[in-house]
Amino acid sequence: MTTAAPAPSSRDLPHPAREEIRLEAVLHALSDPLRLQVVRELAADGDELSCSHFDLPVTKSTTTHHFRVLRESGVIRQIYRGTAKMNGLRRDDLDDLFPGLFDSVLAAAVGQVRRLGGS
């Protein structure tokens, strides 16, 4: 007897499977300064953070767009926990697919902040 997989909830968000993550989509997602800021904060925290944790200087709809680009590229995983949409890096997937890329991008971003100032 087989058990059926649970039906997806209307709150389930689409994510690419590991084998569907493409380098150009990841690089595009990381090319935006606000998206890179989100990724840096997630990497520094090392855990899931809610969307409301991030204080981005843009409208709510633009913030939603940035999170969608990160999710659809495979950089982050978003899941609902209660009413909060939680965000976590797909670090294992990215490190397996593109060894060293993520660490290099984060190191370069930190170096740029030090060089140019800012956050």
Side-chain angles (χ1 to χ4, degrees):
M1 180 173 163
T2 60
T3 56
S9 156
S10 63
R11 292 171 50 110
D12 287 341
L13 299 165
H15 297 85
R18 178 187 287 215
E19 62 274 5
E20 296 172 330
I21 297 173
R22 300 185 49 100
L23 178 62
E24 56 271 24
V26 170
L27 292 175
H28 169 74
L30 297 174
S31 71
D32 181 89
L34 292 179
R35 293 193 292 263
L36 187 56
Q37 177 184 338
V38 167
V39 168
R40 286 181 54 227
E41 287 185 44
L42 286 168
D45 186 78
D47 199 9
E48 294 178 341
L49 297 171
S50 69
C51 290
S52 63
H53 166 84
F54 299 92
D55 185 25
L56 301 178
V58 294
T59 64
K60 185 175 179 181
S61 64
T62 300
T63 298
T64 299
H65 164 75
H66 285 304
F67 278 102
R68 187 177 71 246
V69 170
L70 289 167
R71 177 176 41 81
E72 290 178 350
S73 69
V75 174
I76 66 170
R77 181 165 303 280
Q78 290 185 304
I79 59 168
Y80 281 98
R81 296 208 193 282
T83 59
K85 192 185 295 181
M86 302 301 291
N87 304 280
L89 291 178
R90 293 183 65 176
R91 182 111 193 204
D92 289 345
D93 290 337
L94 296 173
D95 287 346
D96 285 347
L97 291 167
F98 315 112
L101 174 69
F102 202 67
D103 288 333
S104 295
V105 168
L106 289 175
V110 169
Q112 178 173 279
V113 167
R114 288 185 184 135
R115 185 170 43 87
L116 302 176
S119 56

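In what follows, every heavy atom counts, from backbone to side chain, and hydrogens, waters and symmetry copies are set aside.
Hydrophobic clustering (side-chain heavy atoms under 4.5 Å, transitive across Ile, Leu, Val, Met, Phe, Trp, Tyr) groups F54 together with V75. Hydrophobic clustering, with ILVMFWY side chains joined whenever heavy atoms are under 4.5 angstrom apart, groups V105 together with F98. Linking Ile, Leu, Val, Met, Phe, Trp and Tyr residues whenever their side-chain heavy atoms come within less than 4.5 Å leaves V39 and V113 in two separate clusters.
At a threshold of 4.5 Å between non-hydrogen side-chain atoms, the residues V38 and L49 do not count as touching.
To the nearest 0.5 angstrom, D93 atom CG is 13.0 Å from I76 atom CD1. Distance CD1/I21 to NE2/H15: 10.0 Å, rounded to 0.5 Å. Rounding to the nearest 0.5 angstrom, the gap separating the NE2 atom in H28 from the CD atom in E72 is 10.0 Å. Going from atom CG of L23 over to atom CG of L27 covers 4.0 Å, rounded to the nearest 0.5 Å.
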Quiz: residues 64-71 side-chain donor-acceptor pairs under 3.5 angstrom, not counting sequence neighbours:
{"residue": "T64", "atom": "OG1", "partner": "K60", "partner atom": "O", "Å": "3.0"}
{"residue": "H65", "atom": "ND1", "partner": "R68", "partner atom": "NH2", "Å": "3.3"}
{"residue": "H66", "atom": "ND1", "partner": "R35", "partner atom": "NH1", "Å": "3.1"}
{"residue": "R71", "atom": "NE", "partner": "Q78", "partner atom": "OE1", "Å": "2.8"}
{"residue": "R71", "atom": "NH1", "partner": "P14", "partner atom": "O", "Å": "2.8"}

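With sequence neighbours left out, T59 forms a side-chain hydrogen bond (donor to acceptor under 3.5 Å, both in side chains) with S61, T62. Residues forming a side chain to side chain contact (heavy atoms under 4.5 Å, CB included) with P33 (at least two apart in sequence, or on another chain): none. Listed by chain and residue number, R18 satisfy the side-chain hydrogen bond (donor to acceptor under 3.5 Å, both in side chains) test with D96 (two or more places apart in sequence, or in another chain). Partners of R114 under the side chain to side chain contact (heavy atoms under 4.5 Å, CB included) rule, at least two apart in sequence or in another chain, are V110.
Here salt bridge (charged side-chain N to carboxylate O under 4.0 Å, His left out) pairs that include residues 76-85, with residues two or more places apart or in two chains, are E48-R81.
Residues L106 and A43 share a closest heavy-atom pair of CD1-CB, 3.6 Å. Nearest approach of D47 to L42, heavy atoms of both residues: O-CD2, 4.0 Å. Considering all non-hydrogen atoms of both residues, S73 and A25 come closest at CB-O, 3.5 Å.
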Using the side-chain contact (heavy atoms from CB on, under 4.5 Å) rule, take F102 and V26 through it: C-alpha gap first, then chi angles, then the decisive distance, then the call. CA-CA 10 Å; F102 202 67; V26 170; over 6 Å; no

